[in-house]
Protein chains: 2
Amino acid sequence: MPALSRFTTVLRLFSETRDAWTVLAMSDALEVPASSVYRTVRELVAEGFLEPSANATYRLGAAFVEFDRLTRLTDPLMQMGKPILQEVVRQAQIVCVGLLARLYHETVMCIADAAVPGATFHPSYERGRPMPLMLGATSRVILAQLPARRLKRLWEKETLARRTRHKQFEELRHHLAAVRRAGYAITRGEIDKGLVGIAVPLVASTSGATASLSLVVEAKILDRALEHRLVLLLISSAQMLSEDLSPAKKLASGR
Amino acid sequence: MPALSRFTTVLRLFSETRDAWTVLAMSDALEVPASSVYRTVRELVAEGFLEPSANATYRLGAAFVEFDRLTRLTDPLMQMGKPILQEVVRQAQIVCVGLLARLYHETVMCIADAAVPGATFHPSYERGRPMPLMLGATSRVILAQLPARRLKRLWEKETLARRTRHKQFEELRHHLAAVRRAGYAITRGEIDKGLVGIAVPLVASTSGATASLSLVVEAKILDRALEHRLVLLLISSAQMLSEDLSPAKKLASGR
DNA sequence: ACGATATTATCGACATATGATAACTATGTA
DNA sequence: TACATAGTTATCATATGTCGATAATATCGT
């Protein structure tokens, strides 16, 4: 019952499949009296997080577009990551999509993507889309970086509903240890059929967030040699990016 | 002092030039006790609107990226506008940038942009950036669409600090009436030196928001014939887009 | 202009925010 | 390792804003 959650519960109603809500529908869905929802919605509209649309419905507002631009311009990971990501895709010299992802609540979120001009496929990952924590190479290398305590907590949240055994957690721990040793992760078809993800960890000490750099390619064009080349490309790029992001000498910006 | 504003005043501190804040700095800037700011920040972090960064600073969070994606996917104007915008830029067959903009509070916000592959310049307009209401063709055609009452209110807000005369408002009214008759607006160098904006109104009855479709080109390549061609291109594209956005495809056309 | 629907205003009871201070927790350093 | 410092959370009495049913308006569709 903290104050902000009153607003976010309304905002969280909006989704890809349900993008316009009337106040009455919100009132029903949230089981909150209409008069209260009206008040809440009014405030959200005033601040630009919602806006009135056709037929007395409301949609997500332009404030999100505005703040998203600020994150694009100011987030060090995006700022420095985007050009490197594009360079990775270029140097790969094959049809592929590059991704920059990070931990976000109990999901992994892609915060930048770069496709070759004539990309023949679209991975599920795309900027701003929360993805499952326990699937895909991109997530794997992020999990592998987490301190044991944090990992345990996430695992517990993740498997709350499902009945899972402790043994499975130990298996995960071992698997992640192997990933950590190898320095990269590869998964095949875990997220999209026919696509392979190759990911390496990003150490962004300043940014705090644990992140990863990855490439998605079609399984059918990936042979052993190419796989090796891409892993090396990713590792060296991640190295470079991690250095860019590290204790930025004297030139601190805020304070 | 409604509840949401407590949070937005914090969020509004973040800008292009000041992207990382400590709690103490916020407390100073807002003249609110640190203990209160800590509480507010904690809630914003919990919901993903802020996130901790290096040196006890906070930055805008990934929730904005998430919600921005939803607007990209679901806003009818962006959904239908983006492909048409790209088509406009393609058909222009010159070096140019296309823009889709709309009214947002007391500003005009670009919600989609499309540049030719090898664009040699960058207009100030870019997705998510609020722009002045009284400058540029893009804004002009939006103002020209507004009901008199609304225009008056915006004008008054805009000119609150500055001492302006009533006569100037009448001039604006007349100018906008001319724009309305012409069906388009052209401005030269009002926003960016050496660039020209050509804009036409978008009638998006469902979306509610008044919007515009525009092209930015370099002044030096724009002659009378080209100008004419681009205006026609914009008008026909806007026509198409407006129809896409209109209420229903019931066979009856005359209203 | 009309009826229907959407939105805002009202108000007592109640819950939550406020802000000074104290307690606690990282984080870095000798 | 222990200490110091900055950063963060907890505490608590009080004031202020919220809640939700209902009534009063405003707006929409025709």
Side-chain angles (χ1 to χ4, degrees), chain A residues 1-10 20-47 50-59 61 146-150 153 204-209 246-250 252 254-255, chain B residues 1-10 20-47 50-59 61 146-150 153 203-210 246-248 250 252-255:
Chain A
M1 33 193 140
L4 183 56
S5 74
R6 182 157 57 91
F7 299 98
T8 52
T9 52
V10 168
W21 288 77
T22 64
V23 169
L24 243 50
M26 298 183 210
S27 168
D28 281 357
L30 301 175
E31 297 184 324
V32 170
S35 63
S36 298
V37 177
Y38 270 114
R39 224 182 348 235
T40 303
V41 167
R42 194 194 320 161
E43 289 187 53
L44 286 167
V45 169
E47 300 290 350
L50 283 184
E51 49 190 41
S53 183
N55 297 5
T57 64
Y58 292 85
R59 324 185 70 95
L146 294 178
R149 205 171 309 147
R150 186 98 189 274
R153 239 187 317 148
S205 51
T206 62
S207 139
S246 281
K249 301 307 159 218
K250 281 284 197 171
R255 170 63 200 176
Chain B
M1 33 189 115
L4 183 55
S5 75
R6 182 158 55 93
F7 299 98
T8 52
T9 52
V10 168
W21 288 76
T22 64
V23 169
L24 244 50
M26 299 183 208
S27 169
D28 281 357
L30 301 176
E31 296 184 328
V32 170
S35 62
S36 299
V37 177
Y38 269 114
R39 226 183 345 237
T40 303
V41 167
R42 194 193 319 161
E43 289 188 53
L44 286 167
V45 169
E47 299 290 350
L50 284 184
E51 48 190 40
S53 185
N55 296 11
T57 64
Y58 291 85
R59 322 185 72 95
L146 293 178
R149 205 171 310 147
R150 186 97 189 274
R153 239 186 317 149
V203 188
S205 50
T206 64
S207 137
T210 43
S246 282
K250 296 263 189 176
S253 54
R255 43 187 67 212

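Not measured: the values here are computed from a predicted model. Labels below follow one simple rule: chain letters A, B, ... track the order of the sequence lines, proteins then strands, and each chain is numbered from 1.
Spacing between atom CG of L30(A) and atom P of dT18(D) amounts to 18 Å, rounded to whole angstrom units. The interatomic distance linking E51(B) (CD) with dT8(D) (P) rounds to 14 Å, in whole Å.
Shortest non-hydrogen contact noted between N55(A) and T22(A) is O-CG2, 4.2 Å. Residues A34(A) and V23(A) come closest through the heavy atom pair O-CG1, 4.1 Å. Taking all atoms of both residues into account, the shortest heavy-atom contact from A20(A) to R59(A) is CB-NH1, 3.8 Å.
One finds a side-chain N or O of R42(A) lying less than 4.0 angstrom from the OP1 or OP2 phosphate oxygen of dA9(C). Look at Y58(A) and you won't find any side-chain N or O under 4.0 angstrom from OP1 or OP2 of dA6(C). Between S35(B) and dA20(C), a side-chain N or O to OP1/OP2 separation shorter than 4.0 Å is absent.
In terms of the side chain to side chain donor-acceptor pair (under 3.5 Å) criterion, residue partners of E47(B) (sequence neighbours excluded) are, by chain and number, T8(A). A search for side chain to side chain contact (heavy atoms under 4.5 Å, CB included) contacts involving A29(A) returns L13(A), W21(A), not counting sequence neighbours.
Between dT8(D), dG20(D), dT7(C), one nucleotide has an atom nearer to the side chain of Y38(A) than all others, and that is dT7(C). Distances from the side chain of E43(A) to the nucleotides dG20(D), dA17(C), dT18(D) place dT18(D) closest. Nearest to the side chain of P33(B), among dT7(C), dA20(C), dG7(D), sits dA20(C). Among the nucleotides dG29(D), dG7(D), dA21(D), the one closest to any side-chain atom of N55(A) is dG29(D). Side-chain atoms of A56(A) lie closest to dA6(C) of the nucleotides dA6(C), dT18(C), dT18(D). Out of dA10(D), dA17(C), dA9(C), the shortest distance to the side chain of A3(A) is found at dA17(C).
Between its opening and closing five pairs, the helix from dA1(C)-dT30(D) to dA30(C)-dT1(D) changes axis direction by 80°, a value rounded to 10 degrees.
Mapping L4(A) and A34(A) onto DNA chain C via the closest heavy atom, the residue that lands nearer the 5' end is A34(A).
Between the OG1 atom of T210(B) and the CG atom of L146(B) there is a distance of 5.0 Å, given to the nearest 0.5 Å. We find the CG-OH distance between L50(B) and Y58(B) to be 8.5 Å, quoted to the nearest 0.5 Å.
Only V23(A), listed by number, bring a heavy atom of residues 20-28 of chain A to less than 4.0 angstrom from any atom of DNA chain C.
Side-chain contact between V10(A) and M26(A) is present, with at least one heavy-atom pair separated by less than 4.5 Å.
Pairs passing the side chain to side chain donor-acceptor pair (under 3.5 Å) check and including a residue from residues 23-45 of chain B, sequence neighbours excluded, read R6(B)-T40(B).
With hydrogens and angles ignored, a donor-acceptor pair closer than 3.5 Å exists between the side chain of R39(B) and the base of dG19(C).
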